[in-house]
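Letters A, B, ... mirror the listed sequences (proteins, then strands); counts begin at 1.
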Number of protein chains: 2
Amino acid sequence: MDHRHRSATQSDVAKEVGVSRTLVSFAFRGAPGVSDETKQAIFEAAKRLGYRPNAVAADLARKHRSAVGLYLMDIRNEVYADILSGVRTALPQDRNRLILSVSRSIDGEDQGALESLIEARVGIIIAATLLDSEERVRELAHIVPLVSVTRPVEGVDSVYSDDAAGARAATEHLIGLGHTRIAHLAGPVYDGHTVRRQSYAKTMRDAGLKPLMLAAEDFTQDAGQRAATELLSMTERPTAIFTHNDQLALGAREAAYAKGLSVPSELSLVGYDNSRTSGLHGIDLTSVDLHATELGQIAGTVALERLSNPEAPVADRRVTPKLVVRSSTAPPARVT
Amino acid sequence: MDHRHRSATQSDVAKEVGVSRTLVSFAFRGAPGVSDETKQAIFEAAKRLGYRPNAVAADLARKHRSAVGLYLMDIRNEVYADILSGVRTALPQDRNRLILSVSRSIDGEDQGALESLIEARVGIIIAATLLDSEERVRELAHIVPLVSVTRPVEGVDSVYSDDAAGARAATEHLIGLGHTRIAHLAGPVYDGHTVRRQSYAKTMRDAGLKPLMLAAEDFTQDAGQRAATELLSMTERPTAIFTHNDQLALGAREAAYAKGLSVPSELSLVGYDNSRTSGLHGIDLTSVDLHATELGQIAGTVALERLSNPEAPVADRRVTPKLVVRSSTAPPARVT
DNA sequence: CTGAAAGCGCTAACAT
DNA sequence: ATGTTAGCGCTTTCAG
């Protein structure tokens, strides 16, 4: 294994062929003004020398920056992985410089993560912010074009799912089944994620029911299990739980089984995300599908549009979620 | 929303303060030789002007490249998400320019994906290759430092799990339970992923049993379900299936239920990856844990070491997998 | 402590 | 059709 990792430059190629640097640059970008013969010679020499274009230097020389930055909270959460996946499919082949930045810890500062993206001089950032205030996101958007995904931010390109509608559908589904003691298992309170719980509370009150909310320490299954255990230890325990996401719901499910309660006969459960796991036989979790992949795809498209037209009006793309009913929900057990 | 996205440069700051560009550069890197007063003045001016360091230009000017490239197949697969997560934790705060490249389609060419990473001039690439031949990986490693993760490549820094041992443990577990008709559900045949099936076949033969292999179209649950359906339609159907990964196993599980077969009484199932889903109540899938997060972590560390010492001997870090026995495996039904 | 000058690899007018 | 000449924003000797 040799270690001469300094790759050849355009000048090297130019020298080899006996032409100027410019010609090489033109040849590689398919710009007009290079004879076919010269082009051939250049490509051959390039190949011989192992020349590779330097996209970074090109970006620097050009006014415009071509990389797309993606900021996500937690890549292990299927929702974010799906968003990433969607963004990727929206980006054309040659534009695949996707710089990823994942926040280090969910409750730590994600200062650095977003900052590093702007230091990397990406042309645009697609961000699933959560911890930051809308104000801060707006500020950021002044520094570098930004499209907010999963969360609407006034004055900033936004691509999101209608969380209010999703939470309402979930809650109404439970109410419709006859439940009255319906709890909501939320995540920690952040600026960006309060719509679902608010919608839940409003729907409950509109139905003349009393909201019962508990916030988990984070968005993981373990946190969900701990919080749900608490919920299920109440004297008048809820007969149904609607959770902020599927991971919390799966945690609640474990908590129920640990307590010897079966789902759905003794506890109805509704999650959010419609992750792949929720559809498995034996899990069959009723869940709200927010169409994460589609969200990512649209965000990618919006980003591309913004890049090509900075003056276009602010985009606001709202996707409608869909309640997927499975067998983790049923009417409450007859009161004994 | 204004659109003056051209950020301030070091010269702007220098001009504002009334010093030379160099000073500003020094100040921001904490290099010695700048008086505290000047430093203060510079930072204030920078803040006022909204100056942000340009990491890309810095890399260009410096000899060395600081970004880390990560090449993965499919981010929706928990294993790869975990690897990413592990790599991230290994990278220090200030070194968080992680450029991600995901292969577009699993059976398409991933030519472009790896190529784009080297055009982005990353300092090192951490790659979970699969489709490429070892030869090609070695070639790539000559162009840019590369550490291969999940797969050993001779002559290249490698971090991987002992697949032979994992597959053997899984197969022996099944044999130990008394199964004789044990099938292996593999993924498509690629250079990088044949160890598990080979180890399975060898273990079977060593026990005097006949291997029965079937390759799914890809590594997804759906493909697993289709392939398993075929397997379970045989006249002398297997009493146990060991799959290449958990997704295939979950697909097989669905196939079994669709056929009215229950797990484990009529079919034993062993997966690979020990994904979070496999531990859920009602799923309880016996699986081999390859410690993906740890793999990513080690890969990140190895990458950092390689960067700081190009002449160090080639790293070969093998992690030992662990069979996690749950209730998807049991002795075969008594022959009737 | 501070500044001038050269250069990283490439692009983009502007010549010829 | 091909070459010249400036930069892009930053780092880094080498002199003051």
Identify whether any heavy atom of B:Thr38 sits under 4.0 Å from a base atom; if not, whether one sits that close to sugar-phosphate; answer base, sugar-phosphate or nothing.
sugar-phosphate
Which heavy atom in B:Arg306 sits nearest to a heavy atom in B:Pro313, and how many Å separate them?
NH2-O, 3.3 Å
What is the distance from CZ of B:Phe28 to P of D:dT11, rounded to the nearest Å?
10 Å
note: A:Asp36, atom CG; D:dT2, atom P; distance rounded to Å ~ 10 Å
Just call it for B:Arg29: base, sugar-phosphate, or nothing, with non-hydrogen atoms closer than 4.0 Å on any strand.
base
Excluding sequence neighbours, so at least two apart, what forms ring pair (Phe, Tyr, Trp, His ring centres under 6.0 Å) with B:Tyr51?
B:Phe28
Closest to the A:Ala61 side chain, choosing from C:dG7, C:dT2, C:dT11:
C:dT11
Any heavy-atom pair between the side chains of B:Leu72 and B:Ile126 that's under 4.5 Å?
no
Taking all non-hydrogen atoms of both residues, which atom of B:Gly123 and which atom of B:Leu307 are closest, and how far apart?
O-CD1, 3.6 Å
For atom CG of A:Asn54 and atom P of C:dG7, their distance in whole Å:
19 Å
Quick one: B:Phe26 CZ to D:dC14 P, roughly how many Å, whole number?
13 Å
I'd like to check the side chain to side chain contact (heavy atoms under 4.5 Å, CB included) partners of B:Glu139; sequence neighbours left out, ordered by chain and number.
B:Glu135
Rounded to whole angstrom units, what separation is found between the CG atom of B:Leu49 and the P atom of D:dG9?
14 Å
Evaluate the side-chain proximity of B:Val149 to B:Tyr160: yes if any heavy-atom separation is below 4.5 Å, no if none is.
no
At under 4.0 Å between heavy atoms, what does B:Tyr51 touch on the DNA or RNA strands: base, sugar-phosphate, or nothing?
sugar-phosphate
Note, A:Leu146 side chain near A:Ile124 side chain (heavy atom, < 4.5 Å)
no
Without decimals, in angstroms, what is the distance between B:Arg62 CZ and C:dG9 C1'?
16 Å
Enter the inter-axis angle for the ends of the helix from C:dC1-D:dG16 to C:dT16-D:dA1 (five pairs per end, rounded to 10°).
40°
Could you tabulate the donor-acceptor pairs under 3.5 Å formed by side-chain atoms of residues 15-22 of chain B, not counting sequence neighbours?
from: B:Glu16; atom 1: OE2; to: B:Arg48; atom 2: NH1; distance (Å): 2.5
from: B:Ser20; atom 1: OG; to: B:Thr22; atom 2: N; distance (Å): 3.4

Spacing between A:Leu60 atom CG and D:dG9 atom C1', to the nearest angstrom:
6 Å
I need the residues from residues 14-25 of chain B with at least one non-hydrogen atom less than 4.0 Å from DNA chain C; give them sorted by number, or say none.
B:Val19, B:Ser20, B:Arg21, B:Thr22, B:Leu23
For A:Gln10 and B:Ser35, find the nucleotide of DNA chain C closest to each by heavy atoms; which residue's nucleotide sits nearer the 5' end?
B:Ser35
Calculate the interatomic distance between A:Glu37 atom CD and D:dT2 atom C1'; express it in whole Å.
13 Å
Mind checking side chain to side chain contact (heavy atoms under 4.5 Å, CB included) for B:Ser161 and listing every partner two or more places apart, or none if nothing turns up?
B:Asp163, B:Leu290, B:Leu295, B:Pro321
